[in-house]
Structures are given as C-alpha cells and as structure tokens.
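Note sheet for the following structure.
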There are 2 protein chains.
Amino acid sequence: MPKIQPKYKFAVIAADIVIFTVKDGKLQVLLIKMKKKPFLDMWAAPGGLVRPLESVDNAARRILKEKTGVTDVFLEQLYTFGRVDRDPFGRVVSVAYYALIPNAGLKLKTSAEYGGVEWHPVDKLPELAYDHQEIIGCAVKRLRVKLEYTNVVYSLLPEEFTLGDMQKTYEIILDRELDKRNFRKKILALKILKATEKKTIGEANRPAALYRFLSHRPENIEIL
Amino acid sequence: MPKIQPKYKFAVIAADIVIFTVKDGKLQVLLIKMKKKPFLDMWAAPGGLVRPLESVDNAARRILKEKTGVTDVFLEQLYTFGRVDRDPFGRVVSVAYYALIPNAGLKLKTSAEYGGVEWHPVDKLPELAYDHQEIIGCAVKRLRVKLEYTNVVYSLLPEEFTLGDMQKTYEIILDRELDKRNFRKKILALKILKATEKKTIGEANRPAALYRFLSHRPENIEIL
DNA sequence: CCAAAAGTGTTCAGACTACACCCATGT
DNA sequence: ACATGGGTGTAGTCTGAACACTTTTGG
C-alpha cells in the first residue's frame with residue numbers, strides 16, 4: 001500500500017466523468033493524457049476537485065462542459081470510489097459520473113495542462129491512471145443494463161436517425177446481434193419515437209425513414 | 001439558501017447508512033435522535049465522517065457495526081448526496097449506503113451522544129434532519145427493485161425460515177400481495193434454497209417446512 | 001370443531017424467438 | 001447489373017397470471 005501524503009487534512013471530493021460516444025462502429029470513451037509524475041503519459045477520464053460552493057452534480061456538469069462543450073446530454077452519477085490509496089496525491093474520494101454524447105462532429109480542444117484529449121474504444125484501452133480502469137469498467141456495465149430498460153440511447157443518437165442507426169447503436173454497445181424485425185416491432189410498439197416525413201438521401205441503398213425521440217428525458221421502459 | 005460555514009477548507013466526506021429490517025409486519029429503518037441545535041429532537045440515519053486513513057466502504061461498515069453490532073449483512077453503496085447546503089455544519093458530501101439486517105432480537109444501544117436509537121416504519125417517518133428524507137426515500141426505492149432481481153432477502157430473514165416468511169417479507173416491502181402458488185413455484189424453481197429436515201413447531205396451524213439459502217452472497221437472479 | 005396457515009396444478013393470454021424475401025437507391 | 005441496407009409477417013414456444021380446495025396443527 002503506497003503511503004498517503006496528507007495534502008489535505010480530511011478526505012476531499014473529486015468528480016470524474018466517463019464520457020461515452022459511439023464512433024467508427026465502436027463504443028468509445030474520452031480520455032486525457034496525464035503530464036504529472038506518477039502517471040506520466042498514462043490516460044485518465046476527465047475529472048477535478050469539487051469546489052467548496054458547488055454541488056457535486058454541478059461539478060460533473062462543469063467538467064463535462066469544459067472538455068466537450070456539450071450541456072444537454074444524459075449525465076448520471078455512477079458510483080463513488082473511496083479507496084484510501086486510489087490517489088497518490090492525497091486522500092481524494094471520487095464521485096464518478098457517466099455521460100452519453102452523440103457523435104456529432106465534436107471538436108476536442110486540448111489544453112496546456114494535459115498531453116492530449118482523445119477518444120479510445122472501450123475494448124482497447126491504454127494504460128489508465130488512478131483506479132480509472134475500474135471506473136470505466138463499471139460505467140460500461142452500467143451503460144449496458146441501462147440501455148435495456150431505459151430510453152437513454154436518445155443521448156447517443158443525433159436528433160434524427162433511422163431505425164437501422166438505432167439498432168446498430170444497441171448492437172455495438174451490447175456486443176451482440178439483434179433481429180431486425182423483432183427490434184423494429186418492439187421499438188415502434190413502445191411509442192417512444194415519432195416518424196418524421198423525411199428519409200435519408202444520397203446513400204447507396206434504399207432511403208430509410210427518419211425518426212426522432214418524443215422525449216429527451218430519461219425514462220424507464222423495458223426496451224429489450 | 002442557508003449560508004455555509006467553511007468549517008473545512010474543502011468539502012469533506014461522510015457516510016450515512018440506511019439500516020433496514022422487517023419488524024412487526026413493517027419495513028423499518030434505524031434512526032437516531034439528534035441533540036445538536038439546528039436539528040434538535042429531529043431524527044437522522046446513523047452516519048459519520050470518513051476518517052483520513054479509512055476507505056469509504058470501511059467507514060460504512062464501521063458505522064453499521066457501532067450502531068447495531070452486526071457485521072455480515074448485505075451492505076451496498078446507494079448514492080452520493082452532494083448538495084452544497086445539505087449540512088449546516090459545513091461542506092459535507094454524504095456517501096449513503098443501505099444495509100439489510102434480520103430482525104433477530106437485536107439490542108439497540110444508545111449513547112450519551114444521541115437522544116435515542118429506534119426503529120421507525122418507513123411509511124410513518126418522523127421529521128428528519130439534513131436531507132435524510134430524500135436519502136431514505138431513495139433507499140426504499142432501491143431496495144424494492146433490488147428485491148425483484150437479486151437474492152438479497154437472505155439478509156432480512158433468519159438462517160432458517162418458511163416460504164411463508166419469505167413471501168410475507170416480499171409483500172411487506174413491495175407493498176402488494178403475491179399469489180402463494182406462483183411465488184412458491186418460482187422460488188423453488190430458482191434453486192436458491194435448500195430444504196432442511198425441520199419443520200416449525202408449536203404454532204397454531206399446520207407445521208411448515210424450514211428452508212435456508214444456499215448462498216449468502218448477493219447474486220443477480222430474476223425473482224419476480 | 002374451529003381458526004389459521006401450509007401445501008398443491010391447470011389453464012389461458014401475451015410476449016419472445018426464429019426465420020426469408022422483395023424493395024429502392026447509388027455506383 | 002449489382003451491392004447495400006430498408007422494410008415486412010407468421011408460427012411455435014415460453015413465461016406470467018389467475019384461480020380453489022384439502023391438510024395439519026393448536027386452542
């Protein structure tokens with residue numbers, strides 16, 4: 001067990017965010033390259049200390065916005081990681097969150113503070129700082145079950161999308177194939193989508209109907 | 001919004017435990033009567049600051065043991081409550097846990113520090129300190145869903161129990177009646193119990209077979 | 001003999017699974 | 001013309017829900 005440097009007199013609180021998107025046919029997380037010594041060149045989920053006059057939820061929203069610029073996406077508390085030796089800089093307890101953002105040509109802005117900001121597929125993660133491997137693993141598990149009984153995919157898809165897009169998103173995250181006919185039947189029966197008049201154009205195949213979610217709020221609905 | 005007294009320079013961490021049992025045909029929680037000023041004579045779930053060299057999980061276990069003496073029961077992290085003004089004594093973030101303990105003639109020991117320790121039915125709670133009403137409400141919700149897809153009732157029942165005891169526990173917590181035949185069929189089909197040779201004796205009705213859980217570890221199993 | 005909980009099967013409806021072919025477009 | 005994903009229905013199986021009477025004990 002590493003020695004804890006009591007930089008703070010009591011345990012203090014940080015928030016870390018596992019930011020997911022689906023990109024290039026893979027579930028990916030946003031990681032930041034560390035420049036500080038014990039974790040030099042390792043990667044970590046974005047995070048930071050909770051400020052004295054800021055709620056933990058707000059800290060999570062702030063960090064998410066700082067790194068991605070997005071604000072109105074699904075963001076939920078995941079779990080609190082409180083091992084004594086999880087942070088070599090001091091006694092820091094991390095309240096972890098996870099967020100789902102659509103892959104809409106988001107520009108990642110790095111800063112001098114970090115060695116880079118990049119998406120990494122969850123099935124091929126680099127070496128991670130702190131206990132972030134555990135945190136991300138936990139977030140992936142949670143995301144998988146959450147997809148099955150809520151409508152939160154809305155936060156991974158663009159405003160308008162095809163049923164094929166939606167099914168592919170499920171297949172990528174759940175890592176299994178779904179039956180097209182059963183999937184469409186199920187989803188349409190739930191009445192959580194409304195069809196637009198539009199269809200996809202310019203693709204090398206038959207145009208597909210575009211849908212949008214009726215509600216962009218998380219709701220519990222048995223989906224699969 | 002009340003003014004925060006910066007007793008600590010940063011936010012510090014406490015653990016609060018919602019301790020459940022089923023007693024007198026009701027789901028009950030263990031509460032402590034406060035003696036400190038802004039919450040004088042109000043009740044609260046047991047809790048305390050996390051010590052600098054103690055993990056948050058260990059703090060929860062410690063507090064549970066201090067108040068009840070029990071150790072090997074189901075104890076799980078619930079949620080972290082991080083509103084800025086949740087504690088008038090300072091910036092304290094609470095990692096809430098919930099525990100399930102069997103109602104086996106547990107003796108509650110009060111201390112000079114508190115005005116009393118008592119069980120209270122969750123459907124008739126007194127006025128609660130801090131945000132503990134929210135925390136307990138959250139714990140009850142979680143317990144209800146958890147009962148449906150895990151075996152955690154084991155931690156509310158004695159070592160040996162009848163199927164009637166088990167069904168009653170479900171009915172009390174879920175607050176709805178269950179069909180006796182369907183319940184027994186389902187539970188026995190899951191193979192999570194083993195029948196003992198024994199039967200209840202001395203009751204004013206037909207003796208019932210006594211069962212025990214095969215495993216006393218939390219497992220995900222579709223129960224209802 | 002009465003009260004109280006234990007114990008025990010069947011039927012019906014709805015949900016889930018598996019499965020194959022034609023269609024509209026771009027190249 | 002062909003490659004690509006879009007779009008559609010049915011039959012069989014499984015699961016969950018509803019439902020009533022007999023048994024064994026203590027009082």
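Worth knowing before you read on, the calculation uses all heavy atoms, side chains too, and leaves out hydrogens, waters and symmetry mates. Protein chains get the first letters and strands the later ones, always in sequence-line order, with residue 1 at the start of each.
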Seminar exercise, completed: Exactly one of B/Phe20, B/Tyr98, B/Tyr97 clears ring pair (Phe, Tyr, Trp, His ring centres under 6.0 Å) with B/Phe74, and that residue is B/Tyr98
Exercise. Do any pairs count as a side-chain hydrogen bond (donor to acceptor under 3.5 Å, both in side chains) and have a residue in residues 152-168 of chain B, sequence neighbours left out, and if so which ones?
Worked result: B/Glu159-B/Arg212, B/Glu160-B/Lys198, B/Glu160-B/Arg212, B/Thr162-B/Asp165, B/Gln167-B/Glu171
Exercise. Pairs in or reaching into residues 123-135 of chain A: which pass salt bridge (Lys or Arg N to Asp or Glu O under 4.0 Å), with residues at least two apart or in two chains?
Worked result: A/Lys26-A/Asp123, A/Arg83-A/Glu134, A/Arg86-A/Asp131
Exercise. Does B/Arg144 come within less than 4.0 Å of B/Glu148, counting only side-chain N to carboxylate O?
Worked result: no
Problem set entry | Carboxylate-amine/guanidinium proximity below 4.0 Å for A/Glu118 and A/Lys67 | no
With sequence neighbours excluded, tell me which residues meet side chain to side chain contact (heavy atoms under 4.5 Å, CB included) with [X].
X: A/Leu214; value: A/Lys194
X: A/Arg181; value: A/Asp179
X: A/Pro207; value: A/Lys199, A/Thr200
X: A/Arg217; value: A/Ser215, A/Glu219

Exercise. Among all residues two or more places apart in sequence or in another chain, which pass the ring-ring contact (aromatic ring centres under 6.0 Å, His included) test with A/Tyr130?
Worked result: A/Phe39, A/His132
Exercise. Using a heavy-atom distance cut-off of less than 4.0 Å, which residues of residues 202-211 of chain A contact DNA chain C?
Worked result: A/Glu203, A/Ala204, A/Asn205, A/Arg206, A/Pro207
Exercise. In residues 170-185 of chain A, what residues come within less than 4.0 Å of DNA chain C, judged by heavy atoms?
Worked result: A/Asp179, A/Arg181, A/Asn182, A/Lys185
Exercise. Just how large is the angle between the end axes of the helix from C/dC1-D/dG27 to C/dT27-D/dA1, five pairs per end, to 10 degrees?
Worked result: 10°
Exercise. Applying ring pair (Phe, Tyr, Trp, His ring centres under 6.0 Å), which residue pairs with at least one partner in residues 179-204 of chain A are found, sequence neighbours left out?
Worked result: A/Tyr170-A/Phe183
Exercise. Is the closest side-chain donor-acceptor distance between B/Ser94 and B/Asp16 under 3.5 Å?
Worked result: yes
Exercise. Taking 5' to 3' order, which nucleotide of DNA chain C is first and which is last to have an atom within less than 4.0 Å of a heavy atom in chain A?
Worked result: C/dC16 to C/dG26
